*Asks:* 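I'd like to ask you about the structure that follows.
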Amino acid sequence: MLDSLRVFTGNANRPLAAAIATYLGVELGDADVDRFGDGEITVKINENVRGCDMFIVQPTFAPGDNLLELLIMMDAARRASAERVTAVLPYFGYARQDRKDQPRVPITAKLVANLITTSGANRVLTMDLHSAQIQGFFDIPFDHLFAAPVLIQHFRNLAIPDLVVVAPDVGSIKMARAYSKRLGCSLALVDKRRTTKDQTEVMNVIGEVKDRNVVIFDDLISTGGTIAKAARALRKHGVREIFVGATHAAFNEETRKTLEDSPIREIVVTDTIPQQPELLGEKVRVLSVSKLLGEAIRRIHEERSLSSLFI
Ligand code: R5P
C-alpha cells in the first residue's frame with residue numbers, strides 16, 4: 001500500500017470531491033486552480049505530495065476547461081513527484097464520439113484517453129461510461145463503477161408494482177437488462193433513431209408494457225429529448241406511471257421544460273455533475289454517489305478488490 005492518500009479537485013464539482021474526502025476522513029488537498037487574466041488555467045499545489053497516492057476528482061463535462069484543469073493538475077502532480085496519480089472522472093466527457101461511424105468524424109473518447117495518459121495518470125476511476133469499451137482506449141489500470149447500487153436502492157424503496165425496466169435505445173439494452181435482473185422485473189426496448197446530433201425519433205416500442213409501470217434507465221440526460229420522446233411513445237402504448245433513472249445529468253436551459261412537459265412522473269439522477277437547482281424543476285431528484293466513489297478510492301489505495309461495489 002502506498003503511503004499517504006490525498007484527494008484533490010479542480011473546479012468542476014467541488015461539492016462531490018468534498019463529500020468524497022469527508023467519507024474518507026481526509027481533508028481536500030490544498031491547490032489553487034485559477035485563471036490568468038486572459039483566461040488560461042493556472043495550477044499550484046500548495047502542499048508536499050512527494051510519494052503520495054493522489055486522487056484527482058474532476059468530472060469532464062463541458063466546457064473543455066474541466067478537462068484541461070484535470071490534465072494540468074495531473075501534470076503538476078507528476079512533476080511534484082506524487083508516487084501514483086489516479087484520475088477520478090465521475091463523468092467521462094467527450095465519450096459519445098467513440099467510433100468512426102461516419103466519414104470525417106473524430107474519436108474524441110480515444111483522444112481524451114490519450115490526453116489523460118500523457119498528462120500523467122497512472123490509473124483511472126470512472127462511472128457509467130457511455131460505452132464500456134472505452135476502457136480499451138487505455139493501457140493503464142482502469143476501474144469502471146456503476147451508479148446502479150444507488151439508483152436500484154431508490155427504486156426498491158419505492159416498491160413500484162407491475163414494474164418493467166425500459167432501455168431507451170439499443171445501446172443501453174445491456175445496462176437495462178442488468179437493472180431488470182436486479183429489480184426482478186421484465187425488460188422492454190424503445191427503438192430510437194438519431195436524426196441529428198441532438199434530435200432523436202422513436203420508431204417502435206418492443207416488449208410488453210401495456211398497463212404496467214415503467215422505469216427507463218439511461219447513462220446520460222442532456223437535452224432530455226431521448227427520455228421525453230421515449231416516455232411519450234410508452235404512454236401511447238398504454239403505460240401507467242413512468243419513472244427515469246440516469247447517472248449523469250448534463251442539463252441545459254431547455255431540459256427543465258422538456259422534462260416538465262413530458263409524461264414522466266419522477267427522474268432520479270446522481271451528483272457526478274453538479275446541478276443548478278433552477279435547472280432541475282419539480283420532477284428531478286439528485287442522489288449522491290460520493291460514498292460509492294469514496295469506497296472505491298479507499299479500496300484502490302489499500303490494494304483491495306472493488307468487486308463487491310458492483311452488487
Ligand atoms: C445516447 O446514446 C445516450 O445514452 C443518451 O440517451 C443521450 O445522450 C441523451 O441525450 P439527450 O438527453 O440530449 O437526448
Side-chain angles (χ1 to χ4, degrees), residues 59-63 89-102 105-110 112 126-135 144-148 151 165-180 187-206 214-235 242-264 266-270 272-276 279-281 283-286:
T60 53
F61 55 95
L89 293 90
Y91 171 67
F92 189 106
Y94 288 89
R96 279 173 284 187
Q97 289 195 292
D98 59 1
R99 63 196 180 284
K100 201 170 167 202
D101 57 353
Q102 302 166 52
V105 294
I107 304 180
T108 55
K110 174 61 178 156
V112 169
T126 191
M127 184 170 268
D128 282 305
L129 284 167
H130 181 62
S131 52
Q133 58 269 29
I134 289 171
Q135 293 169 71
H144 181 203
L145 293 179
F146 302 103
L151 295 176
V165 165
V166 174
D169 55 34
V170 178
S172 39
I173 190 87
K174 204 168 162 214
M175 176 176 84
R177 191 180 299 124
Y179 276 102
S180 73
L187 180 65
L189 166 70
V190 173
D191 178 18
K192 166 188 108 171
R193 194 177 61 144
R194 189 161 285 283
T195 45
T196 70
K197 64 179 168 40
D198 268 337
Q199 292 286 326
T200 57
E201 191 185 325
V202 171
M203 310 301 285
N204 209 349
V205 174
I206 301 163
V214 299
V215 53
I216 308 171
F217 284 108
D218 210 346
D219 59 320
L220 169 70
I221 302 173
S222 176
T223 64
T226 298
I227 54 163
K229 283 181 186 161
R232 271 194 282 277
L234 288 162
R235 197 26 71 77
I242 302 166
F243 300 81
V244 172
T247 307
H248 312 295
F251 291 173
N252 64 26
E253 286 74 21
E254 303 296 313
T255 311
R256 176 181 173 150
K257 185 166 177 357
T258 304
L259 298 180
E260 278 181 358
D261 292 347
S262 77
I264 300 166
E266 185 190 71
I267 298 149
V268 185
V269 298
T270 81
T272 57
I273 296 174
Q275 299 305 323
Q276 297 166 253
L279 296 187
L280 291 180
K283 295 183 178 179
V284 182
R285 275 193 66 171
V286 183

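Just follow the structure's listing: the first ligand is 1, and inside any ligand the first atom is 1. Sequence positions, counted from 1, serve as the residue numbers for this chain. These numbers come from a predicted model, not from an experiment.
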*Asks:* What are the two closest non-hydrogen atoms of Thr255 and Ser222, and how far apart are they?
*Replies:* OG1-O, 2.7 Å
*Asks:* For Gln135, does the CD atom sit with more than 12 other heavy atoms under 6.0 Å from it, leaving out its own atoms?
*Replies:* yes
*Asks:* Among residues at least two apart in sequence or on other chains, which ones pass side-chain hydrogen bond (donor to acceptor under 3.5 Å, both in side chains) with Thr126?
*Replies:* none
*Asks:* Return the option from Thr226, Asp218, Asn252 holding the heavy atom at the smallest distance from atom 14 (O) of ligand 1.
*Replies:* Thr226
*Asks:* Please list the nearest protein heavy atom to atom 8 (O) of ligand 1 with its residue and the distance rounded to 0.1 Å.
*Replies:* Leu220 CD2, 3.6 Å
*Asks:* Quick check: does any side chain N or O of His130 sit under 3.5 Å from a backbone N or O of Asp219, one acting as donor and the other as acceptor?
*Replies:* no
*Asks:* Side chain of Lys100, backbone of Pro106: donor and acceptor closer than 3.5 Å?
*Replies:* no
*Asks:* What is the closest protein heavy atom to atom 13 (O) of ligand 1, and at what distance does it sit?
*Replies:* Thr223 OG1, 2.6 Å
*Asks:* For Met127, is there any backbone N or O sitting under 3.5 Å from a side-chain donor or acceptor partner on His248?
*Replies:* yes
*Asks:* Using heavy atoms and a threshold below 4.0 Å, how should the contact between Asp169 and ligand 1 be classified: side chain, backbone, both, or neither?
*Replies:* side chain
*Asks:* Which residue and atom name correspond to the protein heavy atom nearest atom 4 (O) of ligand 1, and how close is it?
*Replies:* Asp219 OD1, 2.5 Å
*Asks:* Please list, in number order, the atoms of ligand 1 under 4.0 Å from a heavy atom of His130.
*Replies:* 1 (C), 2 (O), 3 (C), 4 (O)
*Asks:* Please could you name the atoms of ligand 1 that Gly224 approaches to less than 4.0 Å, counting only its heavy atoms?
*Replies:* 11 (P), 12 (O), 13 (O)
*Asks:* Got a donor-acceptor contact below 3.5 angstrom from the Thr60 side chain to the Gly93 backbone?
*Replies:* yes
*Asks:* Is the shortest distance from a heavy atom of Pro168 to ligand 1 less than 4.0 Å?
*Replies:* no
*Asks:* Any idea which atoms of ligand 1 are less than 4.0 Å away from a heavy-atom of Ile221?
*Replies:* 12 (O)
